[in-house]
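Excluded from the calculations below are hydrogen atoms, water molecules and symmetry mates; all remaining heavy atoms, backbone and side chain alike, are included. Being a predicted model, the structure only gives us computed values, none of them experimental. Just so it is clear: chains get the letters A, B, ... in the order the sequence lines come, proteins before strands, and each one is counted from 1.
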Amino acid sequence: MTINQDTALAVARLARLDPSLDPVALDKLTQDFGRIVSYMDILAEVDTTGVTPMYSPMLEPLGPRPDEPKEPDPQKAEALLAAAPERSGRFFCVPRVV
Amino acid sequence: MINMEPVIGLEIHAQLNTRTKLFCSCPVGQKAEPNAHICEICAGQPGALPRLNEKAVELAARAVVALGGTVNAFSLFSRKNYFYPDLPNGFQTSQLDPPVGSGGGLNLALADGSEKFIRLNRVHMEDDAGKCVHDEKRDRTLVDLNRAGTPLIEIVTEPDLSSSREAMDFLKQLRGLLTQLEVTRGRLEEGEFRCDVNISLKPVGSETLGVRTEIKNLNSFRYVGQAIDFEIRRQTALYAAGYAIEQQTLHFDHLKAETRPLRSKEEAHDYRYFPQPDLPPVTVSPETVAAIKETLPPSLESVKEKLIASGLTLEIVNNLTATPGALDYFLAALKAHNDPKRLGTLMAELFLPTIRSKGLAPSEAKLTPPKLGQLAQLLAEGKLGKRAAYEMFGELFASGEDPLTLAGAKGLTLVSDAGPLLEWAKEIVAANPEETKLYLGGRKKILSFLVGQVMRRSQGAADPKKAAQALETVLGALSQ
């Protein structure tokens with residue numbers, strides 16, 4: 001797969017990044033992006049004919065858990081709020097979206 | 001102009017009736033301060049490992065079985081990538097392929113008494129997003145993640161519906177079934193049951209579907225109806241004027257009763273689904289499916305058939321099954337008065353409209369099932385007239401009092417004592433010589449006119465059956 005500037009711009013838009021990059025930066029980004037993706041192409045060289053797809057890398061996955069609530073931890077909630085770039089009282093705060 | 005017909009499909013989101021979130025042990029469905037019920041997992045912190053709630057899988061499988069679908073022994077969670085502040089992970093954990101359930105459907109009861117099978121495409125599990133609140137004062141958005149991670153099932157129908165009425169009836173029936181099975185609490189005002197509508201027009205008889213639009217996030221049956229009707233009118237007008245329909249996502253403005261574009265096509269999301277590596281595949285064994293089948297209550301279909309056989313109309317039966325808890329209430333009331341038809345009518349005409357207008361569940365009403373049964377009993381015995389029953393119902397519902405006591409206190413019980421009835425009968429016979437003559441001459445049907453006169457004279461207080469007997473006594477004496 002090759003990455004051109006259109007693809008790079010489309011991905012930037014999906015990631016809500018400012019697509020009005022200067023041409024030099026966009027060119028560099030496109031090349032970086034292309035190199036990462038073509039590195040992954042190495043995987044495509046392996047012949048996987050007849051191999052069962054692996055759905056999870058975990059050999060002993062965690063099974064499901066019972067539906068039993070844990071007591072909410074106010075300190076944990078507070079730590080999560082405190083870690084946010086901006087908060088307002090008990091809310092996380094972001095630039096206007098609605 | 002070519003005649004067009006609407007083609008409608010629904011995507012229904014129902015919150016699963018669990019105590020905890022889909023991937024962590026934070027409680028769900030409880031009132032709390034903003035962001036009180038959050039942890040590293042549902043707040044999307046790096047390195048947190050989700051762990052699936054087994055109850056959510058059981059409830060999802062239960063819904064699939066009850067809807068006649070296939071529970072897939074093996075299904076996968078995938079990441080559905082998009083950015084929005086109420087989605088802290090940057091992706092929704094959903095199921096693409098294979099989902100927990102495939103196929104199935106529901107027999108939709110139509111207004112004319114016939115049925116239409118609405119096919120389901122799939123049922124899949126996913127987590128809900130948090131909530132955004134707009135801060136008017138400072139022009140910014142506030143985010144509460146208490147709801148983030150709440151387990152949902154999404155039920156996707158085939159485009160088998162053809163009117164707003166069908167769509168609304170389907171949703172009511174589906175909600176009735178899922179709440180009866182306790183798969184979801186299904187409270188619309190809490191957002192526990194909401195839907196997206198896909199709608200397009202096609203030439204009548206054609207197999208080719210037109211370009212569709214999607215109306216997002218409707219949380220009331222009435223809005224679903226209004227949004228579909230508006231969208232049919234809008235698309236029809238565009239076709240008539242020769243314009244193409246644009247594929248787009250719409251929002252329904254219930255104040256203006258119109259749809260408006262939510263996102264234009266250029267911004268349509270490219271979700272870039274891929275299997276969620278942090279979660280193992282979901283497995284449901286054939287034994288689990290068999291166990292679910294065993295515990296399912298008799299299907300709604302068979303309960304409905306029984307009720308119709310007992311003399312209830314399809315409309316009343318649908319009314320009883322569409323309101324969560326109404327059927328249980330009805331069955332409990334039947335123990336006090338075993339006439340399904342009379343009781344069903346009281347439920348449909350008085351009880352259900354009242355609880356709906358007050359936003360109560362049947363079990364929350366002060367008027368208990370035995371008391372409603374007693375009210376039906378009083379009507380059956382002729383101790384209370386229909387009009388009087390309807391007149392006092394509001395008060396009876398509010399107080400939960402004994403119906404006979406309340407009717408007595410309000411002077412609404414019917415007079416069935418021979419004394420006053422004979423007096424009224426004599427009075428009416430004397431005042432209507434023409435009709436009396438006709439009756440005595442063999443026109444027995446005239447009796448109902450005379451009964452009407454007694455009812456009028458007694459200002460509705462006479463028991464009509466007993467009044468007829470009194471009149472027959474008086475008239476019988478005259479003929480001898």
Side-chain angles (χ1 to χ4, degrees), chain A residues 1 3 6-20 33 36-37 40 43 48 52-98, chain B residues 18-21 23-28 30 32-40 43 45 49-59 74 76 81-86 88 90 130 132-135 138-145 266-267 269-272 275-282:
Chain A
M1 180 183 185
I3 301 293
D6 286 346
T7 313
L9 278 172
V11 172
R13 203 163 39 232
L14 285 168
R16 297 291 184 268
L17 296 175
D18 185 0
S20 59
F33 200 176
I36 295 166
V37 173
M40 294 298 165
L43 291 174
T48 55
T52 319
M54 181 183 75
Y55 288 106
S56 171
M58 287 182 277
L59 292 174
E60 286 181 39
L62 277 177
R65 62 178 170 82
D67 184 31
E68 283 158 16
K70 272 194 190 143
E71 202 52 43
D73 179 349
Q75 279 178 334
K76 188 184 275 181
E78 179 53 37
L80 288 164
L81 278 162
E86 208 184 325
R87 66 184 281 185
S88 170
R90 293 209 53 88
F91 286 102
F92 295 101
C93 208
V94 295
R96 179 181 179 165
V97 290
V98 279
Chain B
T18 59
R19 298 170 69 203
T20 66
K21 294 187 179 182
F23 299 118
C24 63
S25 302
C26 289
V28 290
Q30 296 177 5
E33 278 188 302
N35 294 307
H37 294 170
I38 60 173
C39 71
E40 300 87 344
Q45 298 300 295
L49 194 62
R51 201 170 161 204
L52 182 61
N53 182 342
E54 64 184 6
K55 181 78 178 173
V57 182
E58 184 202 315
L59 292 174
F74 172 95
L76 276 184
N81 299 282
Y82 66 95
F83 291 98
Y84 208 71
D86 61 12
C132 286
V133 190
H134 185 53
D135 178 0
R138 304 204 28 207
D139 199 35
R140 57 186 186 170
T141 296
L142 303 174
V143 184
D144 174 11
L145 297 179
E266 302 81 72
E267 281 187 64
H269 287 301
D270 170 1
Y271 291 124
R272 294 153 293 142
Q276 156 65 302
D278 293 341
L279 286 164
V282 183

Q.
Is the shortest side-chain heavy-atom distance between A/Arg65 and B/Glu54 below 4.5 Å?
A.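 A/Arg65 vs B/Glu54: side chains apart.
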
Q) Does any non-hydrogen side-chain atom of A/Glu68 lie less than 4.5 Å from one of B/Thr20? A) no

**Q.** B/Arg138 atom CZ: more than 12 heavy-atom contacts under 6.0 Å
**A.**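 Open.
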
What option among [options] has the most heavy-atom pairs under 4.5 Å with chain A?
options                              : value
B/Ala56, B/Gly130, B/Cys39, B/Ser25  : B/Ser25
B/His37, B/Lys21, B/Glu33            : B/Glu33
B/Glu58, B/Gln276, B/Lys55           : B/Lys55
B/Ile38, B/Val143, B/Leu145, B/Leu52 : B/Val143

Using only atom types and a distance under 3.5 Å, with no angle test, would you say the side chain of [X] pairs donor to acceptor with the backbone of [Y]?
X        : Y       : answer
B/Arg140 : A/Cys93 : no
A/Arg90  : B/Asn35 : yes
A/Asp67  : B/Arg19 : yes

**Q.** Interchain contact, B/Pro85 with chain A, by part (heavy-atom threshold 4.5 Å)
**A.**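 It is the side chain, since no backbone atom gets that close.
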
Q: Measure B/Ala43 against the heavy atoms of chain A and call it side chain, backbone, both or neither at under 4.5 Å.
A: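 When you check distances to chain A, only side chain atoms of B/Ala43 fall under 4.5 Å.
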
Q) What residues, two or more places apart in sequence or in another chain, satisfy ring pair (Phe, Tyr, Trp, His ring centres under 6.0 Å) together with A/Phe92? A)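 Scan of A/Phe92 (ring pair (Phe, Tyr, Trp, His ring centres under 6.0 Å), adjacent residues dropped) gives none.
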
Give the table of side-chain donor-acceptor pairs shorter than 3.5 Å for residues 69-77 of chain A, with sequence neighbours excluded, one pair per line with atom names and distance.
residue, atom, partner, partner atom, Å
A/Asp73, OD1, A/Gln75, N, 3.0
A/Asp73, OD1, A/Lys76, N, 3.2
A/Lys76, NZ, B/Glu40, OE1, 3.3

Q: Can you see which heavy atom on B/Leu142 is nearest to which on A/Ser88, and at what distance?
A: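 In terms of heavy atoms, the two residues are closest at CD2-CB, 3.9 Å.
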
Q | Minimum heavy-atom distance B/Thr141-A/Arg96, with the two atoms named | A |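 Heavy-atom minimum between the residues: OG1-CA, 3.3 Å.
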
